[in-house]
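Every chain is numbered from 1 and lettered A, B, ... according to where its sequence line falls, protein lines coming before strand lines. Keep in mind that this is a model prediction, so the values were computed, not measured.
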There are 2 protein chains.
Amino acid sequence: MAKTGVTAALGFRAAGVACGLKKNGEKDLALVVSDVPATCAGIFTKNVVKGHSLKWSQKMISRGTARAVAINSGCANACVGEAGDRDAHEMAKLVSRLVQCEAEDVLLGSTGVIGYRLDLGKIAAGLEEAFRALSTDGGNEAARAIMTTDTFPKEAVRVYEHGGHTITIGGMAKGSGMIHPNMATMISVITTDACISREMLDRALRDAADMSFNRISIDGDTSVCDKVLILANGLAGNPVIDGEGPAYDAFVKALKEVSVELAKMLARDGEGATKLIEINVKHAPDRETAHLILNAIAKSPLVKTAIFGSDANWGRIMTAAGYSGANFDPGKVDILLGNVLVCKNGCAVPFDEEEAYKVLQTSEVVITLDLNQGTVDDRIWTCDLTYDYVRINGSYRS
Amino acid sequence: MAKTGVTAALGFRAAGVACGLKKNGEKDLALVVSDVPATCAGIFTKNVVKGHSLKWSQKMISRGTARAVAINSGCANACVGEAGDRDAHEMAKLVSRLVQCEAEDVLLGSTGVIGYRLDLGKIAAGLEEAFRALSTDGGNEAARAIMTTDTFPKEAVRVYEHGGHTITIGGMAKGSGMIHPNMATMISVITTDACISREMLDRALRDAADMSFNRISIDGDTSVCDKVLILANGLAGNPVIDGEGPAYDAFVKALKEVSVELAKMLARDGEGATKLIEINVKHAPDRETAHLILNAIAKSPLVKTAIFGSDANWGRIMTAAGYSGANFDPGKVDILLGNVLVCKNGCAVPFDEEEAYKVLQTSEVVITLDLNQGTVDDRIWTCDLTYDYVRINGSYRS
């Protein structure tokens, strides 16, 4: 096994086991442990309904350090009242006894169906098994254990040199379905051996998430349990990054790369998806305009089904931009499918249907709207809407 | 043939013909004519991209009177530049010559694919045929001719007595796909023989649309060609309704009934839909909160596929309310599927799965969120998201 994902950086061990929360017997419990206390930061769902495990992590992240992250799939631990808060606390205690730290040093995640209590008996047994299995090769197993309807585990790693030190950043993510800007049903854990202050780590995570996890949309829903956590344990031995400068810039650049790679994997693995769609807005008058247009297109079921059907129906793209709430002049807009210009100054132009079809048949479709009315560029990733999306989501609980 | 839809009221004749815009040879051109000039009002899409035929009608509606409405399906007459404006003007002229009125007295509608010019040769021939076929029994033919992916024509009629006068209001609508609050891909024409001032007609239409056409959502997209038009020709002979009072109230009540009936048919006939979904929010603190929550739930692909699969996955309903942007206390929310309570004070409650399954198996599923934090009630209609939605929209242009 290779050192991948959350175990790529020095001093992190992980494991993923099946404790019986998933009816199909697949892995459903991941444990990630740092050998030493790690500086931590996190970003949490903006949904006003919040899962109990998520609320625990949101509270503990403010302490600034953590030793372990435990994440179960198969049960969201959400909407079960105060019992859910007690269950989260108990789960953290179970981890703390194994790892020999405070319960408050344990971050949690739960993903799955809403409205059911966590089965702490299964989780207790699973955590013991996971603790015994902890390994510096365990990243991939952990990435598998947090999957719900994901079809493949998602991991990314960047290693870079700075000032004579080798720094590694690795991460895992789960998503599928519901992915949408502002931390949709998505959980990501990123680990690094960089030595960095809490404040700069928090800032780096927000910068990176803004260009990655907050730039993916699968179906416009955002869930109650989703978060990105980062742990930095300092074992790379670099001088602490505690302010702006080349060391911080190098760290953020690598973190962005890891985050974008994970985010694109999440979009590509949207439920039932056959294609990754990258939507670019160019020359927007401002960030808000670009954002509104990107979101409306990425969320449009009509655009997403047209791409599934390889139908160069660019009118739906224009329509979505039009109802996005953004204020722009449609008479200046060019639309490209791949490199095929299909609309110039808001008007249809003759184009080679066969060439457009070829673009839409690829597994990575790039759509560009050039607004020609400003200097702001932005982009978002999403996926097509297919029969399988309906199949998967028509019977998720069963 | 019965007097239905737009020909139910006195003095209106209509026809629907096939002029060759639809490749499959189905009816694609509707003509509605009032024997005398009619007071008119309209509501138009809020999409910043607007179809050329729609822009024509939006301009002419301000004149306050009209004689005829011509609507083609098969081609949206949108995004083709100034030629599209000229084509709309030409289409209005063609009608005006037949009906012997001013071109400015002709309202237009076009629905279908974006980015293609209108074939005025076909439309000219079709309008002549339609003019010859005009009949007081033609409402149903007209309703058929404006259909795109609709599976059935949509008509509604109300007849009421007031002050010794019999007043009739009838309408037709097309929708399917893309229906969403704020005049989505939806065209409706309503005719009445009531005598009513322009100002009160406009107000009545806005009141009625707000509780009907603006309360339906199929997939969250809103299109560039969509509108509701109303023509009132006064042939009922009632004293003019030119202010508030019992006569106005009776008119608005009947108009709302016609509008709600048409709107529910539009939701039920959403592309690929097998079920009409009515979502109720009760005891919201204010109208905005209710509106945000209703919209988020009605647009959620996860909720809509769960209903398709008859899966009592109420967590998705709660999740959608949570990310709607509305500010509310999730700890007070009750959720009912039909009459089955599945969530009380934001927490799961044990419920009879079989009973819930029965509710979800019906063709009209009612979901209720009781926020228990105010006095405002509101509702919206939508439909389930199915395999057929994907099939229909993956290949619309072909």
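With a 4.5 angstrom heavy-atom cutoff, Tyr387(A) touches chain B via backbone and side-chain atoms both. In this structure, the portion of Ala326(B) lying under 4.5 Å from any heavy atom of chain A is its backbone and not its side chain.
Around CD of Glu354(B), the count of heavy atoms belonging to other residues, nucleotides or ligands within 6.0 Å does not exceed 12. Remark: Gln361(B) CD is packed, more than 12 non-hydrogen atoms of other residues, nucleotides or ligands lying under 6.0 Å away. Counted within 6.0 Å of CG on Asn327(B), heavy atoms from surrounding residues, nucleotides or ligands total 12 or fewer; the atom is thus considered open.
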Legend entry - Pair Ile114(A)-Trp314(B), side-chain contact (heavy atoms from CB on, under 4.5 Å): steps then yes or no: CA-CA 8 Å; Ile114(A) 289 173; Trp314(B) 60 267; 4.3 Å; yes
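Across Val390(A) and Leu385(B), no two heavy atoms sit closer than the pair CG1-O, 3.6 Å. Residues Val48(B) and Phe328(A) approach most closely at CG2-CE2, 3.5 Å, considering heavy atoms. Here the shortest heavy-atom pairing between Gly115(B) and Ala348(A) reads O-CB, 3.0 Å. Between Cys347(B) and Val80(A) the shortest heavy-atom distance is SG-C, 3.5 Å.
Note that the CG atom of Asn345(A) and the SG atom of Cys79(B) stand 12.0 Å from one another [nearest 0.5 Å].
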